[in-house]
Undergrad: 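Let me begin by handing over the structure; questions about it come next.
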There are 2 protein chains.
Amino acid sequence: MENNKKIKVHIADDHQILIDGIVAVLKNEENIDVAGHSLNGRLVIDWLNENKADVLVLDINMPEVDGLEVLRYLKKNKLELPTIILSSYDDVKLVKEVLKMGADGFLAKKCAGENIVEAINSVYNGDQYFSNEVQKDLVAAAVGKTIRKKVHQDGVFSSSLTDRELEVLQLISIEMSTKEIAERLNISTSTVDTYRKNLLQKTKAKNSVGLAMYAVRNKLL
Amino acid sequence: MENNKKIKVHIADDHQILIDGIVAVLKNEENIDVAGHSLNGRLVIDWLNENKADVLVLDINMPEVDGLEVLRYLKKNKLELPTIILSSYDDVKLVKEVLKMGADGFLAKKCAGENIVEAINSVYNGDQYFSNEVQKDLVAAAVGKTIRKKVHQDGVFSSSLTDRELEVLQLISIEMSTKEIAERLNISTSTVDTYRKNLLQKTKAKNSVGLAMYAVRNKLL
DNA sequence: AATCTTATCCCTATTTTTAGGGAGTTGAAA
DNA sequence: TTTCAACTCCCTAAAAATAGGGATAAGATT
């Protein structure tokens with residue numbers, strides 16, 4: 001019952017309805033206290049400057065300042081705050097990206113509200129938490145429970161995209177042709193072709209549209 | 001208090017958490033009864049074949065069968081079911097598209113849960129309901145309260161894209177090639193090519209990536 | 001009755017993308 | 001010092017997309 005024993009949670013999502021839902025679910029939990037909630041990343045950072053949370057539940061897609069930027073901010077300022085990513089997609093590629101950026105959990109929105117309780121308790125205790133399907137995929141990727149270590153030790157999960165590849169991906173996403181990209185980057189079209197091939201392989205996209213959609217999904221633009 | 005006076009609502013959204021939130025909000029309303037809920041469009045249609053709802057609250061982005069397809073189904077089967085579109089974005093273009101397809105309300109998810117009560121009552125009474133910002137934009141587009149009539153009378157709001165074009169656009173956006181689309185729609189590749197040309201012209205996109213990005217921007221997926 | 005929209009299909013030709021392959025340089029890490 | 005990742009470039013060939021053009025049938029609208 002004591003307040004100082006409760007896990008203080010901050011929830012960030014641009015959908016008020018979803019926040020309401022999570023709050024409703026967490027209201028039944030005695031050891032969890034929703035200390036605050038924000039509708040975008042800017043508000044999260046502002047809030048964290050004034051208050052303290054034990055766990056952050058963070059949506060990726062938010063206006064103005066999105067979840068990835070909040071993660072970057074936390075990392076840069078060496079704020080060790082257990083963070084669970086809320087996502088509409090249980091995209092393995094996105095999981096990898098956010099893990100690399102310091103997130104500790106990944107919860108697909110389509111998961112029932114009850115899982116969020118588990119997730120919060122897990123990351124609060126220093127563990128990691130992943131949605132079912134995500135976890136399956138991760139396991140399929142031949143990794144056990146030491147995911148974080150893997151990530152930080154040998155970069156198994158680090159985003160497969162190099163700087164240059166990302167650059168090319170971004171230019172593809174703004175409707176540039178190979179020739180245009182080559183001119184823009186002052187490299188030959190052959191080189192751009194190589195990046196295209198690597199991108200298609202790494203993102204498992206079928207064509208340029210798939211590359212652009214990958215960029216959209218993973219907020220790479 | 002009588003059950004037969006309650007408005008039977010069916011909620012469709014692929015995020016369980018969001019459904020939980022809406023159910024929690026509607027639980028406090030005496031004249032509204034959440035008769036059912038579904039995680040994708042296929043389940044909505046299945047449910048409607050077995051049950052009756054007075055109002056449908058429908059998310060656009062759902063796996064397998066999305067909200068737009070449900071709207072198409074309702075239209076094709078002449079099912080007059082007041083429908084409120086739940087969307088992550090209050091994109092005017094999307095509003096136009098769904099209005100054209102027979103929706104009666106448009107609620108941005110970022111709106112507080114209370115608005116949904118108003119929205120449900122409105123469409124149940126034959127009126128239309130729109131989120132604040134959407135409404136503003138619609139007014140700005142020089143239209144008053146006879147939106148539906150306008151839509152059905154002179155197509156002021158009809159998107160420049162025809163049904164078939166939209167269909168092709170969506171298939172392009174999921175990385176399908178012209179040949180694949182032709183097979184899926186049982187038309188010739190020449191026809192698909194024609195739609196591609198028209199789409200490129202209408203959306204002012206430079207290539208398929210541009211088309212996909214247009215679809216993303218306008219939430220046509 | 002004449003017009004317009006939508007959906008359908010075809011032809012030609014060029015440009016772009018995709019799919020294989022290989023290969024050299026550089027800089028950083030082991 | 002060797003190894004490795006990243007960046008760069010090239011060759012060949014097939015598949016796909018883009019850019020013009022035109023055409024017909026069904027339906028609704030004027």
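In the text below, chain A, chain B and the rest are named by the order of the sequence lines, each starting its count at 1.
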Undergrad: Check for a donor-acceptor pair, side chain of A/Asp104 on one end and backbone N or O of A/Thr83 on the other, with a separation under 3.5 Å.
TA: yes
Undergrad: Contact class for B/Ser190 vs. all strands (heavy atom < 4.0 Å): base, sugar-phosphate, or nothing?
TA: base
Undergrad: Taking atom C1' of C/dT17 as reference, at what distance in whole Å does atom CG of A/Leu211 sit?
TA: 11 Å
Undergrad: Quick check for you: among D/dC9, D/dA17, D/dT18, whose closest atom lies nearest to any side-chain atom of B/Asp193?
TA: D/dT18
Undergrad: Touch check for B/Thr178, heavy atoms < 4.0 angstrom, all strands: base, sugar-phosphate only, or nothing?
TA: sugar-phosphate
Undergrad: OP1, OP2 of C/dT6 versus side-chain N and O of B/Tyr195: anything below 4.0 Å?
TA: no
Undergrad: Please determine which of B/Ile187, B/Thr191, B/Val192 meets the side chain to side chain contact (heavy atoms under 4.5 Å, CB included) test together with B/Ile181.
TA: B/Val192
Undergrad: Out of D/dA17, C/dC9, C/dT18, which nucleotide sits closest to the side chain of B/Thr191?
TA: C/dC9
Undergrad: Round to the nearest Å and state the distance from B/Leu200 atom CG to D/dA19 atom P.
TA: 6 Å
Undergrad: At what distance, to the nearest 0.5 angstrom, does CG of A/Leu48 lie from OG of A/Ser38?
TA: 7.5 Å
Undergrad: Roughly how many Å is it from NZ in A/Lys202 to C1' in C/dT18, rounded to a whole number?
TA: 18 Å
Undergrad: Would you confirm whether A/Glu180, through its side chain, and A/Ser177, through its main-chain N or O, come within 3.5 Å as a donor-acceptor pair?
TA: yes
Undergrad: Just the rounded figure in Å: distance from C1' of C/dT17 to NZ of B/Lys206.
TA: 17 Å
Undergrad: Residues in side chain to side chain contact (heavy atoms under 4.5 Å, CB included) with A/Ile174, at least two apart?
TA: A/Leu171, A/Met176
Undergrad: Are the side chain of B/Asp13 and the backbone of B/Ile19 linked by a donor-acceptor contact shorter than 3.5 Å?
TA: no
Undergrad: Counting side-chain heavy atoms from CB outward, which of C/dA7, C/dT17, D/dT18 is closest to A/Ser208?
TA: C/dT17
Undergrad: Give me the bend of the helix from C/dA1-D/dT30 to C/dA30-D/dT1, using the axes of the five pairs at each end, rounded to 10°.
TA: 50°
Undergrad: For B/Asn207 and B/Ile187, take the nucleotide of DNA chain C holding the closest heavy atom to each; which residue's nucleotide lies nearer the 5' end?
TA: B/Ile187
Undergrad: Indicate whether any N or O donor in one side chain lies under 3.5 Å from an N or O acceptor in the other, for B/Ser208 and B/Arg196.
TA: yes
Undergrad: Using whole Å, report how far CZ of B/Arg164 lies from P of C/dC9.
TA: 9 Å
Undergrad: Please evaluate the base of C/dC9 for a donor-acceptor partner in the side chain of B/Thr194 within a cut-off of under 3.5 Å?
TA: yes
Undergrad: Output yes when at least one side-chain N/O atom of A/Arg196 is less than 4.0 Å from OP1 or OP2 of C/dT17, else no.
TA: yes
Undergrad: Tell me the interatomic distance from A/Lys179, atom NZ, to D/dT18, atom C1', rounded to whole angstroms.
TA: 13 Å
Undergrad: Heavy atoms only, 4.0 Å cut-off, all strands: where does B/Lys197 land among base, sugar-phosphate and nothing?
TA: base
Undergrad: Taking 4.0 Å as the cut-off, does a side-chain nitrogen or oxygen of A/Thr162 come that near to OP1 or OP2 on D/dC7?
TA: yes
Undergrad: Round to a whole Å and report the spacing from CG of B/Leu161 to P of C/dA7.
TA: 10 Å
Undergrad: For the pair made of CG in B/Asn186 and C1' in C/dA7, what is the distance, rounded to whole Å?
TA: 14 Å
Undergrad: I need the single residue from A/Val55, A/Ile7, A/Ile116 that forms a side chain to side chain contact (heavy atoms under 4.5 Å, CB included) with A/Asn121. Which is it?
TA: A/Ile7
Undergrad: So what does B/Ser177 hit on the nucleic acid, given a heavy-atom distance under 4.0 Å: a base, only sugar-phosphate, or nothing?
TA: sugar-phosphate
